[in-house]
Amino acid sequence: MKLLLPVSEFLIKSKPDAKKLINSLTAIYPYASILGQDACSMAYQIASTGVSISENADFTNRGFVIRVHNGKSIVEYSVSEISENIIPDILRTIHTLSESAKGDDPLPTDEKACVSEQTELEIDPDSLEPDQIISKLTDLREKCLKKDERILDASIRFVWQKNHRFFLSKNRDLSESLIWSNGAIVSLAAKGEEVKDYYKSFSTLGGAEILNDMAKDEVIDEVTDTVISLLDSVSMEPGEYECICDPETTGMIVHEAFGHGVEMDMFVKDRALAKEYIGKRVASDLVTMHDGAKAAKECASFLFDDEGTLGQDTLVIKNGILISGYSDAVSAGRLGISPTGNGRRESFRRKAYTRMTNTFFEPGTSRFDEMIASVKYGFLLENPSSGMEDPKNWGIQCMVNIAREIKDGRLTGKICSPIVLTGYVPDLLKSISMMSSDFSLGGGGFCGKGYKEWVKVSDGGPYIKARIRLG
Amino acid sequence: MIKRITSLMAHLNIGTWLISDTEKKSAELFFIRKDEDMRREASVREISVTVYRDFDKDGNKMRGSAGVLLFDSMTDEEISQKLTRAYHAAQFVNNPYFDIAPCTVDKKLSGGDDPLSLMEKAEIMADALFMPDVNDEAFINSAEIFASLTHVRIYASNGTNVEYDSFRVKGEFVCQTLEPEDVEMYHAFEYAALDTFALSELSLDALSVVRDRAHAKNAPNAGIYDVILTKQHVYTLLSAYPEKANAALVFAKYSPYSVGMNVQGEKIEGEKLNITLTPDEPFSFEGIPMPERTLISEGVLSSLHGATRFSRYLGIEPTGSYTNIRVDNGTKALEDMKKKPYLMPVSFSDFQMDPLSGHFSGEIRLAYLFDGERIHLVTGGSVNGSLLEKQTNLVFSLERYSDSSFSGPYAVLIPGVKVAGA
């Protein structure tokens with residue numbers, strides 16, 4: 001049976017004072033808004049270092065961000081609380097910021113909207129006793145360790161966040177309570193001083209039901225067998241190869257190699273090559289790409305973004321042609337377009353930027369086995385670990401943990417690790433020659449803007465076949 | 001607020017605890033070219049509380065813990081509920097008993113009224129950043145500057161009462177040039193003082209480097225190169241040593257390090273490492289004073305470091321965890337390193353060092369390639385190597401470099417590194 005996540009009592013109690021502040025601000029300034037956030041979390045972890053249960057500082061926040069447009073510029077003030085007795089202080093700070101601001105922004109749009117939403121979940125993690133969660137994680141870890149004596153450790157983690165928000169302006173009253181949960185199993189094995197690891201993540205826009213997915217026998221086999229096989233891995237002979245990317249690696253290419261390049265705050269700064277490619281071919285005919293809070297139901301789904309724009313499903317690439325980027329409200333105003341609901345903040349403490357949400361390639365029609373069979377010599381790429389964007393020059397840097405050799409249409413069992421993918425984004429995307437009908441989306445990761453501003457995202461797609469430079 | 005929390009803990013019979021109270025004020029400036037894009041301020045406070053609970057399990061003495069975050073706006077009922085849940089959860093955290101960090105009572109406060117507001121400091125640093133940006137050939141595309149003052153108070157049930165201020169100016173900027181090719185490069189900075197000179201120097205250097213990047217067209221040929229890493233990439237490479245010397249990694253057996261170990265191996269043909277741990281803040285999150293400590297002397301590990309629990313388990317003194325290092329000079333001038341063919345990447349998309357596997361890698365955004373006759377500007381391809389294999393043959397420069405986390409040789413020469421290229 002599905003439950004509805006309860007709303008935040010704190011935000012309900014804060015709303016009358018927030019409305020008073022909005023009234024005071026709109027009496028002075030042409031536009032004012034307040035984003036309220038009350039987020040709590042809990043992280044459970046077991047490894048050879050022991051057990052930990054702790055609220056995660058990155059996911060636990062309580063406060064407000066006040067945004068004002070003074071007729072010329074936008075300024076913001078982030079505060080821990082809004083109460084009647086500190087409203088005069090807030091007004092003074094906003095006044096000082098507004099007086100010294102030198103920005104030049106169009107007035108934000110503020111169409112009427114009054115909606116609210118609560119996530120459905122099966123098991124509220126707060127309804128479980130801590131020992132129920134710890135014993136599940138402990139059992140999982142012990143099964144991993146028992147599989148092979150060469151396993152150095154298995155680190156098992158379960159974390160959830162309940163994120164309650166409201167957005168108030170003169171014409172908008174939006175509220176949402178959502179929960180996401182993530183799980184991770186990291187297996188480690190050592191060969192001399194070198195330690196190899198394998199990572200498997202789990203995600204859901206929901207609650208502790210994810211623990212059941214983590215405990216499956218095939219998961220334990222995968223994380224233990226794979227890390228043991230990595231002990232015999234060799235380094236990659238640098239070169240360009242025919243590659244099959246698993247859905248996770250496809251997701252990293254979608255997100256890191258291309259997705260950051262169509263964040264439209266980069267268009268405003270003339271930092272994105274994609275700006276010149278709208279309406280032009282950037283990928284093979286097989287590629288259709290989406291981003292949006294409403295494009296999928298995963299960890300980055302929401303009703304409205306952190307600037308009060310309702311979430312959408314943005315068609316980014318259609319059959320290889322770049323259709324649109326996605327944007328936050330301020331960038332959209334400057335570009336003279338409608339925002340797409342991608343204005344996201346790390347928390348109420350931070351500025352909103354254009355950020356991705358659920359970003360993916362649509363599936364194709366090929367079967368995985370026929371894709372492998374089509375490769376004369378190349379690699380199956382799995383288990384991506386990180387990537388870095390390059391929106392101006394469309395360079396690629398993605399790291400993957402595993403490259404499985406394919407020879408004459410068969411996997412040989414040889415593994416290269418770790419691998420760096422490099423190259424030029426359109427070359428890679430235009431080389432995509434097959435896409436599988438299998439499709440998956442993962443929300444276990446976070447996305448940074450450069451090296452900061454971490455937000456929850458999901459990405460994925462089908463298996464793809466492409467030519468990629470590996471090192 | 002602290003009194004409310006400690007009273008509630010007393011009422012709940014929570015006898016052992018650690019509180020870290022952080023109040024942070026920041027002023028933030030955002031620029032597109034030299035025009036202000038937005039200004040923000042933030043004033044936020046959060047209080048982290050760890051509660052400990054002792055119990056016996058299978059005849060062994062255990063000490064579990066659980067952590068929660070509290071806010072000024074919470075009612076007594078909310079605080080009490082969170083503390084109760086945490087204390088309840090702590091009994092299921094089956095960690096062997098350890099003594100919490102020793103009692104420390106000390107203050108390191110900035111003192112006195114500062115005549116400049118944080119926003120004024122951010123504006124001064126903005127002026128310093130843009131000072132070298134004087135021609136259209138290469139310019140700053142966009143920038144972000146964050147000036148913050150954090151006041152931290154740490155209390156523990158054993159009487160620890162520590163207080164300090166931490167000022168930081170951090171930020172990032174992107175340099176761009178349009179001709180002969182439209183390219184950009186990203187740079188980040190962080191200072192613990194209003195170091196306008198250092199920021200202007202960084203900006204000047206970044207504007208020069210992006211001009212070279214615009215002339216780099218081809219990737220180096222795939223092959224084996226003597227690679228010279230410089231500045232922050234030297235730190236990233238060497239950061240593997242303090243990471244592997246952390247008590248948590250040693251306790252977990254992820255790291256084989258022990259005091260007295262030749263961490264570079266037995267046959268060192270290159271230069272022996274001398275690394276000192278330097279503090280980022282005056283106290284650890286547990287209130288432990290953090291002086292400088294010798295980490296590695298002539299390639300031999302002098303000390304481990306780490307938080308209390310893992311230090312107690314290993315039977316060593318809890319020191320707090322260090323990430324910043326100072327490294328002794330090498331013996332070779334950079335110009336001498338450059339007399340033989342080399343590849344010197346000065347910008348990567350993201351240079352990474354994995355301390356567990358020893359693998360380092362990065363995609364090259366700009367490198368200087370000397371083939372024995374000429375220097376070529378190259379871009380693309382990647383550097384891939386193993387520090388475990390290369391650490392016996394490292395050569396460090398006489399010249400030095402320093403930033404907020406690293407003081408050490410300006411360059412390191414790593415012979416025979418695999419490069420994926422054209």
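A, B, ... follow the sequence lines: proteins, then strands. Residue 1 opens every chain. What you are looking at is a predicted structure, and each value in this text was computed from that prediction instead of being measured.
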Derivation and outcome, side chain to side chain contact (heavy atoms under 4.5 Å, CB included), residues Val51(A) and Phe92(B): CA-CA 9 Å; Val51(A) 181; Phe92(B) 305 112; over 6 Å; no

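- Only the side chain of Ala219(B) comes within less than 4.5 Å of a heavy atom in chain A; its backbone stays farther off.
- For a residue to count as touching a neighbouring chain, one of its non-hydrogen atoms must lie under 4.5 Å from one of that chain's; by this rule Leu69(B) touches chain A with backbone and side chain alike.
- Taking the six-membered ring where the residue is Trp, His187(B) and Phe173(B) present parallel rings, their angle staying beneath 30° rather than reaching 60°.
- Here Asp131(A) is the residue among Thr422(A), Asp131(A), Asn56(A) with the most heavy-atom pairs under 4.5 Å with chain B.
- Surrounding NZ of Lys57(B) are at most 12 heavy atoms belonging to other residues, nucleotides or ligands under 6.0 Å away.
- Contacts of Met74(B) with chain A are made by both backbone and side-chain atoms, with heavy-atom separations under 4.5 Å.
- Of the atoms belonging to Phe348(B), not a single heavy atom falls under 4.5 Å from chain A.
- At a 4.5 Å heavy-atom cutoff, the contact between Val174(B) and chain A is made by side-chain atoms alone.
- Only the side chain of Gln176(B) comes within contact range of chain A, with heavy atoms under 4.5 Å apart.
- Heavy atoms closer than 4.5 Å to chain A are found in the side chain of Lys244(B), but not in its backbone.
- The 12-atom threshold is exceeded at CZ of Arg334(A), counting heavy atoms of other residues, nucleotides or ligands nearer than 6.0 Å.
- For Ser41(A), no part sits under 4.5 Å from any heavy atom of chain B, backbone or side chain.
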Step-by-step salt bridge (charged side-chain N to carboxylate O under 4.0 Å, His left out) determination, Lys351(A) to Glu76(A): CA-CA 8 Å; Lys351(A) 181 180 180 286; Glu76(A) 288 187 348; over 6 Å; no

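- Neither the backbone nor the side chain of Glu181(B) comes within contact range of chain A, judged by heavy atoms closer than 4.5 Å.
- Heavy-atom distances place both the backbone and the side chain of Glu41(B) under 4.5 Å from chain A.
- If you measure heavy-atom distances from Glu46(B) to chain A, the contacts under 4.5 Å come from the side chain alone.
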Derivation and outcome, side chain to side chain contact (heavy atoms under 4.5 Å, CB included), residues Tyr241(B) and Gln391(B): CA-CA 11 Å; Tyr241(B) 294 101; Gln391(B) 62 185 348; 2.7 Å; yes

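- Contact count versus chain B (heavy atoms, under 4.5 Å) is highest, among Ile133(A), Asp153(A), Ile134(A), for Asp153(A).
- Side-chain contact between Asp354(B) and Asp197(A) is present, with heavy atoms from C-beta onward closer than 4.5 Å.
- Aromatic ring pairs are classed by plane angle as parallel below 30°, tilted from 30° to 60° and perpendicular above 60°; the pair Tyr353(A) and Phe30(B) is perpendicular.
- With a threshold of 4.5 angstrom between heavy atoms, Ser142(B) approaches chain A through side-chain atoms but not through N, CA, C or O.
- Contact of Tyr254(B) with chain A is made through backbone and side chain together, with heavy-atom distances under 4.5 Å.
- With a 4.5 Å cut-off on non-hydrogen atoms, Asp350(B) touches chain A through its backbone and its side chain both.
- If you run salt bridge (Lys or Arg N to Asp or Glu O under 4.0 Å) between Glu36(B) and each of Lys34(B), Arg39(B), Arg40(B), Arg33(B), only Arg39(B) comes through.
- Heavy-atom pairs under 4.5 Å with chain B peak, among Leu421(A), Leu273(A), Val420(A), at Val420(A).
- Of the two parts of Asp182(B), the backbone and the side chain both hold a non-hydrogen atom closer than 4.5 Å to a non-hydrogen atom of chain A.
- Contact check for Lys275(A) versus Asp270(A): side-chain heavy atoms found under the 4.5 Å cut-off.
- Residue Asn95(B) comes nearest to Gly50(A) through the heavy atom pair OD1-CA, 3.3 Å, listed as atom of the first residue, atom of the second, then distance.
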